[in-house]
Amino acid sequence: MAAIEPRELIVRRVAQELKSGQVVNVGIGLPTFVVNHLAHDVNIILHSENGFVGMGDPPEPGREDPDLVNAGGQPSSIKPGGAFFDSATSFAIVRGGHVDVTILGGLQVDQDGNLANWAVPGRIIGMGGAMDLVVGAKRVIVAMEHRTKDGRSKVVRKCTLPLTATAEVDLLVTELCVIEFTPEGAVLREIAPDVTIGEVLAATEARLYIPDEVGVMTVV
Amino acid sequence: MAAIEPRELIVRRVAQELKSGQVVNVGIGLPTFVVNHLAHDVNIILHSENGFVGMGDPPEPGREDPDLVNAGGQPSSIKPGGAFFDSATSFAIVRGGHVDVTILGGLQVDQDGNLANWAVPGRIIGMGGAMDLVVGAKRVIVAMEHRTKDGRSKVVRKCTLPLTATAEVDLLVTELCVIEFTPEGAVLREIAPDVTIGEVLAATEARLYIPDEVGVMTVV
Amino acid sequence: MPKLRTLDQALEGLTDGMTLMIGGFLAVGSPETLVDEVIRRGVRDLTLIVNDTAMPDRGYGRLFANGQVSTLICCYMGMNPTAIAQKDEGKLAVELCPQGSLAERIRAGGAGLGGILTPTGVGTIAEEGKIKLELEGHTYLLELPLRADIALLRAHVADRAGNLVYRKSARNFNPLMAMAADYVVAEASEIRDIGGIDPDHVMTPGIFVDAVVGVS
Amino acid sequence: MPKLRTLDQALEGLTDGMTLMIGGFLAVGSPETLVDEVIRRGVRDLTLIVNDTAMPDRGYGRLFANGQVSTLICCYMGMNPTAIAQKDEGKLAVELCPQGSLAERIRAGGAGLGGILTPTGVGTIAEEGKIKLELEGHTYLLELPLRADIALLRAHVADRAGNLVYRKSARNFNPLMAMAADYVVAEASEIRDIGGIDPDHVMTPGIFVDAVVGVS
């Protein structure tokens, strides 16, 4: 298999986790691109926490509606069958378990499934809806690069940055591996096609359980 | 002034308490009739706890809408400018202090402004929305006959029937008198045209404060 | 995900002992056809979460005469002598809850809240068994969330995605219950194709609804 | 009770030190004209309850650059460097609250609740200073209600009775804030006579709204 850009590997692999009919909330940044890589027969319903379900593609230039934006404030659209609501209902949907999957970016994920993704020291500017999403969604998938720009592991023993939620992450997908968080700990499920388990472990500060069979991340 | 039927005296006197623009909830029974006696220039907004504001008169026979009833389940109507909503919003309106006046019937009112109006021993079949209304409305007016059918005072020292709420009644109007509940106690404000203060006190178990001036209930 | 179902399909998961929420206020906005099917299936030992017990011959009120209800959570029983008699005979366990608290408890169940604090019922028998909190000089009761296995709703219009629109005072508890059950069925007198309801007019988003049944 | 007012009339009660709720999400659904008037009046020392700080040149975000805000309760400041700088310089006191908790706190303020229990924020800095309750094995934070002196809203359509209809994602916090302030003003681009809005389509009943201002 030809080399694939790391961020593209992540979003393509995450896309495989989604099933038709699921209500999905995707965070700003990397997760946004997951929906571009769904299989042709997978139809999901996107929840936008500023107040609607059935979010569609961004409108073509010139067709923007100032009253219809996504949670990042960017022009958006709504598909037939969608619905608008107020912010209390939007987060009743989130907190009440009516979102099947949330896909979020991360700054750190630790071996206990704790997530830090909203603040760095000296820059605490707000958690937005992330804390509600991570606590409320039935399944929490973190899509992030494995290491910081200066090479430190973001998959850590214990998060040092301010937490978003405790023990809520179900799956972590990086450009190196797929980690599942279970009651027994963080389990290495898959590794990228061009790396070894040893290389993943070397890049990972967290303690990982290595099952007898570790798959290979396959994207088409 | 010619004699007036006791219950009519009550509802006509209560009607004088309402001002234009007020949001008002009237309970089942005696309070229902208050709205028939408003002065011509007094326009109030009726709240119906099953889910709308702007309640109008009952429809003419043959014009009933099965989806439009009042809180007693009777055919109703909505005035222009009214709005429908769900039960949580309806009681957010009640509990949140957005109802200016509620007018309820009573089984007992005591000198501390406690009200019992939903249950008698052996027949506890539900408080409906009464507990929310009495706690939430800005002003609580009880419209009831002064004595039971067998002559016992319903204006008591301490309620013996199950309470609806504690210390929430602001005004009590009976066919004998008008009593205001203040931080200092229950104050006799007015007496009916054809009774004496002594007669009111004789019919009243509660301790009443008699101010220097006691008015006379005047209805037109 | 088209959600249109036959009546039989829609309630095939209904079993003895389940907890049901049923929309309606004195049988207005109550899913008569879905209740027919509950009666036809003859399931027993149901826990009912409803605003009231309706009337013996209308709405969910019929389930009492048919002996299908063992536990009841509601705010008012006054128009159903059958249910009252079952309560008095000890055949029906009843929890009475103030109407506004009932609405908030169902909403909390759907919204993932652990409970709400209300001043309603303080100093009355409604406070029995409940945690009381003093905050800034006010006393509140902690009311806990309610959830059900199945919610039965009555809508005016539904689309095939499960979006619902209610009509006039028939809305009442339906939108709250739509959020608070594991499985949600709505009957509607008008079924529209997806896209047939303005997204700004939707009262219950289709994501809450599992099945829609068309009724005449 | 016709509620149509001029811009000047609508905000004549605004004074220094007040707490304002302003609708909008990143300035979408934000009452730009009412904010213009807040700026024109030059009131200071405001406490702002908003979803976010918008942008320095848009919506309620402009109030920071104009030095009118001393306290802020919101969930996100990321698009307003001016507000962030004021926070970092200690000129702006900030309480950050998770978005869903913020929505529930405003709703609780309008609904007369003493607070709500949420699992959101447990184990994070959002729990600092808050009461924690354990119920049936789950941990919740008690989030307290929020209220304001004045709420400024943006509607799409209003009638002269104050009924409001919002459009698409411009709804957001507006209907919640409509219930949670002592005085509520809405600007709307279309004003209709009473009866011009279907009572089933009303999103904010007019009883919550004190004044309506028409804007172009």
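Letters go in sequence order (proteins before strands), and every chain restarts at 1. Just so it is clear, the values below take in all heavy atoms, side chains as well, and ignore hydrogens, waters and symmetry mates.
- Annotation for D:R62 and D:D57: closest pair CG-C, 3.5 Å, computed over non-hydrogen atoms.
- A salt bridge links C:E95 with C:R105; the closest basic N to acidic carboxylate O contact falls under 4.0 Å.
- Only the side chain of D:L144 comes within less than 4.5 Å of a heavy atom in chain C; its backbone stays farther off.
- Remark: C:D159 does not engage C:K3 in a salt bridge, criterion side-chain N to carboxylate O under 4.0 Å.
- Of the N and O atoms on the side chains of C:Y60 and C:D52, at least one donor lies less than 3.5 Å from an acceptor on the other residue.
- Taking chain C as the reference chain and counting heavy-atom pairs below 4.5 Å, the highest number among D:T118, D:L113, D:D200, D:I116 is found for D:D200.
- Here C:R107 is the residue among C:E143, C:R107, C:K168 with the most heavy-atom pairs under 4.5 Å with chain D.
- C:N174 places a side-chain N or O within donor-acceptor distance of the main-chain N or O of C:R154, the cut-off being under 3.5 Å.
- Of the atoms belonging to C:I131, it is side-chain heavy atoms, and not backbone ones, that fall under 4.5 Å from chain D.
- For a residue to count as touching a neighbouring chain, one of its non-hydrogen atoms must lie under 4.5 Å from one of that chain's; by this rule C:H138 does not touch chain D.
- With a threshold of 4.5 angstrom between heavy atoms, D:L135 approaches chain C through side-chain atoms but not through N, CA, C or O.
- In this structure, the portions of D:R167 lying under 4.5 Å from any heavy atom of chain C include both its backbone and its side chain.
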For C:R192 and C:E190: C-alpha separation, side-chain torsions, deciding distance, then whether salt bridge (Lys or Arg N to Asp or Glu O under 4.0 Å) applies.
CA-CA 7 Å; C:R192 294 189 191 160; C:E190 185 185 340; 2.7 Å; yes
